Amino acid sequence: MKALPASFYNRPTLNVTEELIGKVLVHDVRGRRVAGIIVEVEAYIGESDPACHAAPGPTKRNAPLYGPPGRAYVYFNYGMHYLVNAVTEKEGSPAAVLIRALEPVEGVDTMVRRRGVKTDPGGRFSTASSENRPPGSVFTRRLCSGPGNLTKALAIDLRQNRSDLTTSRLRIEDHGITPDKVTWTPRVGIRVGTDREWRCCWAGHAGVSGRVARVKD
DNA sequence: CGTTCGATGCACT
DNA sequence: GTGCATCGAACGT
């Protein structure tokens with residue numbers, strides 16, 4: 001399956017944001033392919049967006065945001081989580097799309113092991129009914145739900161920062177999957193820039209993360 | 001169902 | 001020293 005070309009990312013970020021829903025994030029580690037359908041993302045656009053890491057201007061950490069589109073921007077947060085973004089727009093225009101949730105489709109056993117969760121058939125990581133999923137896939141709906149959870153399941157860390165999503169073992173592919181409908185809401189887990197409705201979800205999808213917007217003072 | 005809170009490390013002021 | 005683009009356990013209703 002072919003990865004999306006750089007031209008896909010070299011466009012207005014909100015267009016890329018919406019069209020990433022249904023695409024497939026893949027990580028190949030030592031020949032072990034693990035993948036999930038993207039069902040929830042958020043846009044972070046430019047130095048004028050107070051929630052974007054580019055808001056303070058260029059720094060060592062946010063440098064990938066200023067780089068070429070189609071690269072990964074991975075950073076470490078809260079002392080324990082890695083978060084992965086796809087860099088968008090032309091070089092010099094700092095913007096990216098945060099990947100917040102996946103529906104697991106390949107390497108579920110590997111994801112379960114990396115997450116360290118128990119596969120309790122009756123519990124919260126159990127299979128769930130879902131339409132629009134490839135036949136035969138096991139849908140463990142919480143396995144890759146949340147930006148910190150999915151990087152753990154896919155073994156994404158700072159080694160993948162600046163990886164080329166069009167050619168490297170961390171890639172985003174088009175499998176011809178399209179959501180029936182997407183929903184735009186305010187972004188989640190931030191204290192500033194909550195007025196922008198730049199979170200895009202596969203409407204009604206069970207894999208969307210359960211986090212709620214924080215109340216502003 | 002809801003809210004609160006501790007874990008944990010680093011970039012940035 | 002402060003504040004995170006989080007998570008899940010532990011509580012309250």
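This is a predicted model, so every value here is computed, not measured.
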Take the protein atom [atom1] of [X] and the nucleotide atom [atom2] of [N], then report the distance between them rounded to whole Å.
{"X": "A/N62", "N": "B/dA11", "atom1": "CG", "atom2": "C1'", "answer": "10 Å"}
{"X": "A/R61", "N": "B/dC10", "atom1": "CZ", "atom2": "P", "answer": "12 Å"}
{"X": "A/R199", "N": "C/dT6", "atom1": "CZ", "atom2": "P", "answer": "11 Å"}
{"X": "A/L83", "N": "B/dA11", "atom1": "CG", "atom2": "C1'", "answer": "15 Å"}
{"X": "A/F76", "N": "C/dA5", "atom1": "CZ", "atom2": "P", "answer": "14 Å"}
{"X": "A/I190", "N": "C/dC4", "atom1": "CD1", "atom2": "P", "answer": "10 Å"}
{"X": "A/R115", "N": "C/dT6", "atom1": "CZ", "atom2": "P", "answer": "15 Å"}
{"X": "A/R187", "N": "C/dT6", "atom1": "CZ", "atom2": "C1'", "answer": "16 Å"}

Quiz item: Which of the following nucleotides, B/dT13, C/dA5, C/dC7, is nearest to the side chain of A/P147?
Solution: C/dC7
Quiz item: In terms of side-chain heavy atoms of A/R191, which of C/dC4, C/dA5, B/dC12 is nearest?
Solution: C/dC4
Can we say [X] and [Y] salt-bridge, meaning some charged N sits less than 4.0 Å from an Asp/Glu carboxylate O?
{"X": "A/R187", "Y": "A/E42", "value": "no"}
{"X": "A/E173", "Y": "A/R171", "value": "yes"}
{"X": "A/E89", "Y": "A/R11", "value": "no"}
{"X": "A/D164", "Y": "A/R169", "value": "no"}

Quiz item: Could you give all pairs that pass the ring pair (Phe, Tyr, Trp, His ring centres under 6.0 Å) test and reach residues 40-63 of chain A, with sequence neighbours left out?
Solution: A/H53-A/Y73, A/H53-A/Y75
Quiz item: Base, sugar-phosphate, or nothing for A/N149, non-hydrogen atoms under 4.0 angstrom?
Solution: sugar-phosphate
For the backbone of [Y] and the side chain of [X], can you confirm whether one donor and one acceptor N or O come within less than 3.5 Å of each other?
{"X": "A/H27", "Y": "A/V34", "value": "no"}
{"X": "A/N149", "Y": "A/S145", "value": "yes"}
{"X": "A/S163", "Y": "A/L165", "value": "no"}

Find every protein N or O atom lying less than 3.5 Å from an N or O atom of nucleotides 6-8 of chain B, and list the pairs.
unit_1	atom_1	unit_2	atom_2	d
B/dT8	O2	A/Y78	O	2.3

Exercise. Using a cut-off of strictly less than 4.0 Å, decide whether A/T59 has a side-chain nitrogen or oxygen near OP1 or OP2 of B/dC12.
Key: yes
Practice problem: Treat a base pair as Watson-Crick or G-U wobble with both distances under 3.5 Å, then lay out DNA chain B in dot-bracket form, 5' to 3', with | for cross-strand pairs. | Solution: |||||||.||||.
Quiz item: Considering all heavy atoms of both residues, which atom of A/F76 and which atom of A/Y82 are nearest to each other, and what is their separation?
Solution: CD1-CE2, 3.4 Å
